[in-house]
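Every chain is numbered from 1, with letters handed out A, B, ... down the list of sequences. Quantities reported herein were computed from a predicted structural model and do not represent experimental measurements.
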2 protein chains.
Amino acid sequence: MKGLNLTTQRKAVYDIVRNSNDHPTAAEVMNRLVEQGYNFAYGTVYNSLRYLTDKELIRELKLGESASRYDAKLDEHQHIICVSCGRVDEVMSSVPEDWKQAVAKETGYDVHHANVVFGGMCPQCLKKRTN
Amino acid sequence: MKGLNLTTQRKAVYDIVRNSNDHPTAAEVMNRLVEQGYNFAYGTVYNSLRYLTDKELIRELKLGESASRYDAKLDEHQHIICVSCGRVDEVMSSVPEDWKQAVAKETGYDVHHANVVFGGMCPQCLKKRTN
DNA sequence: TTTGATTTTAGAATAAGTATAAATCCTGAT
DNA sequence: ATCAGGATTTATACTTATTCTAAAATCAAA
């Protein structure tokens, strides 16, 4: 591939992001690395996450929380956060094209992309609620 | 009103947010306060912004940048950021109801709200571009 | 196998925001 | 007016997430 240099540390970080289904933060990636017996410098984890993001092997998610999360799912999709337990799920249903066009018309912008973060109550928390 | 205590500092902060059209960050609010001859503690500015947010006089915007922005426009709306110059504009066209329903169906969530941040090129930057 | 480039490391630095404790300000009952 | 109690402000310390830096380690190629 186009000059991809996957060192031990980058590979380990990539594998964690790939094999996690909960969009871990840098700190969570760090914890899981330690669980697996690695002991990389904090800066290396951040560097690796940035490198992998630049190479488009993973995506950085800014969902309005204090820390960025990372996602190895690359096809265009959005996210939904449970207001009760904080879990993050994928939303595959894509932004309606005609809405994007309406926004372009309204604002005069050439609209490149949309980042959408839904908030709501996840099925599990809905069940736990008022019974 | 419902126990609203607008001190000098809170009023001054509120006025700045209200009279700005660029969704200032806390640091920008601070700068504008200094320009107006005020000299409040940093903590006071943060406290005031939180107080005003709690009282629903302003809204905190988390647009995926490092710092929160503040907006005195209260009706539901979204935002668009210029990828070239960074300016932030309002998007009044609202999230299509049927899309929200599709997302609820797909995820099983009870969808409460959606935060949308569009990215694109603003009219001014479009004009400046390749001429 | 020396040289140069790249990467990792440890730790310092930064940026945004929160917590804390003392000082100040307000308000309302004596 | 005046004092007590609560709320607010202030200055400063702290936290969290992340980036920067400079030295050490690793790799790759001549």
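- The CG atom of B:Leu63 sits 9.0 Å away from the CG atom of B:Asn115 when rounded to the nearest 0.5 Å.
- Distance, A:Lys11 NZ to C:dT8 P: 14 Å, rounded to whole Å.
- Counting to the nearest Å, the P atom of C:dA16 and the OH atom of B:Tyr70 are 12 Å from each other.
- Remark: B:Glu65 CD to B:Thr25 OG1 distance equals 8.5 Å, nearest 0.5 Å.
- Ion pairing of B:Lys11 with B:Asp15 is present here, as a side-chain N (NZ or NE/NH1/NH2) and a carboxylate O approach within less than 4.0 Å.
- Position along DNA chain D of the nearest nucleotide to A:Ser66 versus B:Gln9 favours B:Gln9 as the more 5'-ward residue.
- Under the 4.0 Å criterion applied to side-chain N and carboxylate O atoms, A:Arg87 and A:Asp89 are assigned as salt-bridge partners.
- Between B:Arg10 atom CZ and D:dT10 atom C1' the separation is 14 Å, expressed in whole Å.
- Remark: C1' of D:dT9 and CZ of B:Arg50 are 14 Å apart, rounded to the nearest angstrom.
- Near DNA chain C, meaning a heavy atom under 4.0 Å from it, residues 30-44 of chain A has A:Phe40, A:Ala41, A:Thr44 in order of number.
- In this structure, the CD atom of B:Glu65 is 16 Å from the C1' atom of D:dT18, given to the nearest Å.
- Applying the 4.0 Å criterion to OP1 and OP2 of C:dT7, one finds that A:Asn5 has a side-chain N or O inside that range.
- For B:Tyr109 against A:Gly120, the heavy-atom pair with the smallest separation is CD2-C, 3.8 Å.
- Using a 4.0 Å heavy-atom distance criterion, B:Thr25 is classed as making no nucleic acid contact.
- Nearer to the 5' terminus of DNA chain C, by closest-nucleotide assignment, is the contact made by B:Arg69 (compared with the other of B:Arg69 and B:Thr8).
- Considering only side-chain N and O atoms, A:Asn47 lies nowhere under 4.0 angstrom from the phosphate OP1 or OP2 of C:dT8.
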Exercise for the section: May I have the step-by-step check of side chain to side chain donor-acceptor pair (under 3.5 Å) for A:Ser48 and A:Gln9, ending in yes or no? Expected result: CA-CA 7 Å; A:Ser48 299; A:Gln9 10 293 84; over 6 Å; no

Practice task
For the pair A:Glu35 and A:Arg32, evaluate salt bridge (charged side-chain N to carboxylate O under 4.0 Å, His left out) and give the outcome as yes or no after the intermediate values.
Solution key: CA-CA 5 Å; A:Glu35 280 168 23; A:Arg32 291 171 203 186; 5.9 Å; no

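- When distances are taken from the side chain of A:Thr7 to each of C:dT7, D:dC20, C:dG17, the shortest belongs to C:dT7.
- At the phosphate of D:dT18, OP1 or OP2 sits under 4.0 Å from a side-chain N or O atom of A:Tyr46.
- Closest to the side chain of B:Ala67, from the set D:dT19, C:dG17, D:dT9, is C:dG17.
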